[in-house]
Asks: 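Just dropping this structure here.
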Amino acid sequence: MVHFRLHSGVLLYTLVVLFPQLCLGIRSIPTRETNTGAVEAPNGFRFSEAPDYRNGRDCPVSTTNGRSVSSCDPSLVHIAMTLDSEYLRGSIAAVHSVLKHASCPESIFFHFVAAEFDPASPRVLTQLVRSTFPSLNFKVYIFREDTVINLISSSIRQALENPLNYARNYLGDMLDLCVDRVIYLDSDIVVVDDIHKLWNTALSGSRVIGAPEYCHANFTQYFTSVFWSDPVMSGTFSSARRKPCYFNTGVMVMDLVRWREGDYKRRIEKWMEIQKKTRIYELGSLPPFLLVFAGDVEAIDHRWNQHGLGGDNVRGSCRSLHPGPVSLLHWSGKGKPWVRLDAKKPCKLDHLWEPYDLFISNSKGYYYAHNDHQSMGFFTGSSYL
């Protein structure tokens, strides 16, 4: 696929060849089409069905013979994302952008992690994904909030305290053991390049994750004076081998084999336990990752996470692009493009997100889902924990 290059806020639209059908989908839940051509689920969310995309000539040939794709297929690209009612619109747009620009969209497998007590319920969220992407290869996993709820401390913004923000810590436990690598993506991103390029990132040595690093950022601001005044805690970054740099956890390539072997879930939890006793940081799920990995991350080109487009964590002010080409735009921070667009107060860069939005509004505006905690037993092709 032809990829996009963005320079200093200017998007150069190039002709994108859309392949027809993405086959080998997982289907089982009936929905009905409205007279607008959209598919409507019982809870009131309405999204247009996404265009179909097919693999290019050089893509792996499927050996499933029409059966549902197994997550253990070694030719697959694995992407993990969270799925909840508040950010559903962003998640749908993110998936759409990945498929649209992928050279081998049929070879992508999505792993969605949904909160156990989300207002929409994992059942409803699964149905909406199916109706919007009828041929998408995916599984949905239930994330039990009690796994992490007692480890979460207050943050500078309440949204950062959502237990689902910590689901990335548990991907090694949730995904099938045969899945040895995954790309983790936040729900407030759009990809404007071929995701296979990111997937092919090599993690050198014994490195567990890869992400764009920002070594000129003021690293000290992510931790409190209590942390830096304690020689044991601050000594985490004092070794000659570790030269910590900031990285954003919204885009990561993760080696799940090394993750499981090193029990990195537990390493992160230990820092969260310290935070509960002695406040050593103000943000949510980012600082524990920095404490465990900063200085030992495979540096990926900055084009794969043009982050901060949502503005800061308090005001949500508009931001501009960093210099250089862009493969992924990330609205991290308080402001989200769909909220600002609906309010008729968008930032300039929010219009770059808009083409991937499949949400259909109505006279009453945006709908939130109703509770619908029904049995999961008949969801053929999806996994739940």
Side-chain angles (χ1 to χ4, degrees), residues 4 6 9 11 45 47 79-101 110-115 118 120 125 128-129 132 143 155-168 183-193 195 198 211-212 214 246-252 283-286 289 302-322 326-343 345-359 366 368:
F4 286 36
L6 300 170
L11 178 66
F45 281 103
F47 292 91
I79 298 176
M81 298 178 65
T82 57
L83 200 62
D84 69 325
S85 55
E86 184 175 1
Y87 288 92
L88 177 64
R89 189 168 171 186
S91 298
I92 294 293
V95 173
H96 185 202
S97 71
V98 169
L99 296 176
K100 183 172 184 178
H101 297 287
F110 282 89
H111 302 266
F112 296 113
V113 182
D118 188 276
L125 293 172
L128 285 165
V129 172
T132 308
F143 180 62
S155 184
I156 61 173
R157 187 159 59 89
Q158 188 174 3
L160 300 177
E161 301 170 23
N162 187 336
L164 205 57
N165 291 336
Y166 297 84
R168 73 196 83 185
I183 297 172
Y184 176 82
L185 297 177
D186 272 350
S187 297
D188 50 1
I189 63 98
V190 292
V191 176
V192 291
D193 201 346
I195 198 68
L198 182 59
Y214 300 86
Y246 168 83
F247 66 95
N248 180 280
T249 54
V251 180
M252 295 185 293
L283 289 173
S285 60
L286 170 63
F289 255 86
H302 290 175
R303 69 189 302 148
W304 284 105
N305 195 353
Q306 280 267 354
H307 67 282
L309 304 186
D312 60 54
N313 277 307
V314 179
R315 296 184 301 274
S317 54
C318 293
R319 295 283 180 89
S320 58
L321 288 173
H322 311 162
V326 175
S327 295
L328 184 149
L329 298 114
H330 186 187
W331 277 262
S332 57
K334 183 178 180 180
K336 303 305 172 188
W338 55 92
V339 175
R340 296 192 293 222
L341 286 163
D342 284 356
K345 297 179 180 179
C347 294
K348 288 184 178 179
L349 294 179
D350 293 344
H351 294 292
L352 303 181
W353 177 90
E354 198 170 13
Y356 305 98
D357 185 18
L358 296 172
F359 177 71
Y366 185 69
Y368 281 91

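We use all heavy atoms of the structure for the numbers below, so side chains are in, but hydrogens, waters and symmetry mates are not.
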Asks: Can you tell me how far CG of Leu309 sits from CG of Leu321, rounded to the nearest 0.5 angstrom?
Replies: 6.0 Å
Asks: Would you kindly say whether Trp331 and Asp350 are connected by a side-chain donor-acceptor distance under 3.5 Å?
Replies: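 Yes, side-chain donor-acceptor contact under 3.5 Å.
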Asks: Any side-chain heavy atom of Ile195 sitting closer than 4.5 Å to one from Leu328?
Replies: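 Counting from C-beta outward, Ile195 and Leu328 never come under 4.5 Å.
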Asks: Which atom names give the shortest non-hydrogen contact between Ser317 and Arg340, and what distance separates them?
Replies: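 Looking at all heavy atoms of both residues, the closest pair is O-NH1, 4.3 Å.
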Asks: Can you find a pair of side-chain heavy atoms, one from Thr249 and one from Arg168, that are under 4.5 Å apart?
Replies: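 Yes - at least one pair of side-chain heavy atoms lies under 4.5 Å apart.
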Asks: Does a side-chain heavy-atom distance below 4.5 Å link Val113 with Leu83?
Replies: no
Asks: Just verifying a value: how many Å separate Glu354 CD and Leu341 CG, rounded to the nearest 0.5 Å?
Replies: 5.0 Å
Asks: Partners of Asp84 by salt bridge (charged side-chain N to carboxylate O under 4.0 Å, His left out), sequence neighbours excluded?
Replies: none
Asks: Quick one: do Leu329 and Val192 satisfy side chain to side chain contact (heavy atoms under 4.5 Å, CB included)? Show the steps, please.
Replies: CA-CA 8 Å; Leu329 298 114; Val192 291; 4.0 Å; yes
Asks: For residues Asp118 and Ser85, is any side-chain donor paired with an opposing acceptor at under 3.5 Å?
Replies: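 Short answer, yes.
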Asks: Under 3.5 Å, is there a donor on one side chain and an acceptor on the other for Tyr184 and His111?
Replies: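 Looking only at side-chain atoms, His111 and Tyr184 do not form any donor-acceptor pair under 3.5 Å.
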Asks: Measuring from atom OG1 of Thr132 to atom CG of Leu358, what distance do you get when rounded to the nearest 0.5 angstrom?
Replies: 7.0 Å
Asks: How are the rings of His307 and Tyr246 set relative to one another: parallel (under 30°), tilted (30 to 60°) or perpendicular (over 60°)?
Replies: tilted
Asks: Return the orientation label for the Trp353 and Trp338 ring planes: parallel under 30°, perpendicular over 60°, tilted otherwise.
Replies: tilted
Asks: Go through the structure and list residues passing side-chain hydrogen bond (donor to acceptor under 3.5 Å, both in side chains) with His96, not counting sequence neighbours.
Replies: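 Result, side-chain hydrogen bond (donor to acceptor under 3.5 Å, both in side chains) vs His96: Tyr53.
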Asks: Rounded to the nearest 0.5 Å, what's the gap from OH on Tyr87 to OG1 on Thr82? Could you check?
Replies: 9.0 Å
Asks: Compute the centroid of each ring, for Tyr356 and then for His101, and state whether the two points are separated by less than 6.0 Å.
Replies: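 That pair passes the under 6.0 Å test.
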Asks: Which atoms form the tightest heavy-atom contact between Met81 and Ser187, and what is the distance?
Replies: CE-CA, 4.0 Å
Asks: Heavy-atom distance under 4.5 Å between the side chains of Glu86 and Leu88, does that happen here?
Replies: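 Answer no - side chains too far apart.
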Asks: Does the pair Arg89/Asp357 count as a salt bridge with the N-to-O cut at 4.0 Å?
Replies: yes
Asks: Taking the side chain as every heavy atom from C-beta outward, state whether Val191 and Ser327 have any atom pair closer than 4.5 Å.
Replies: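 A side-chain contact is absent here, since even the closest heavy-atom pair is not under 4.5 Å.
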Asks: Any donor-acceptor pair under 3.5 Å linking the side-chain atoms of His330 with those of Asn305?
Replies: yes
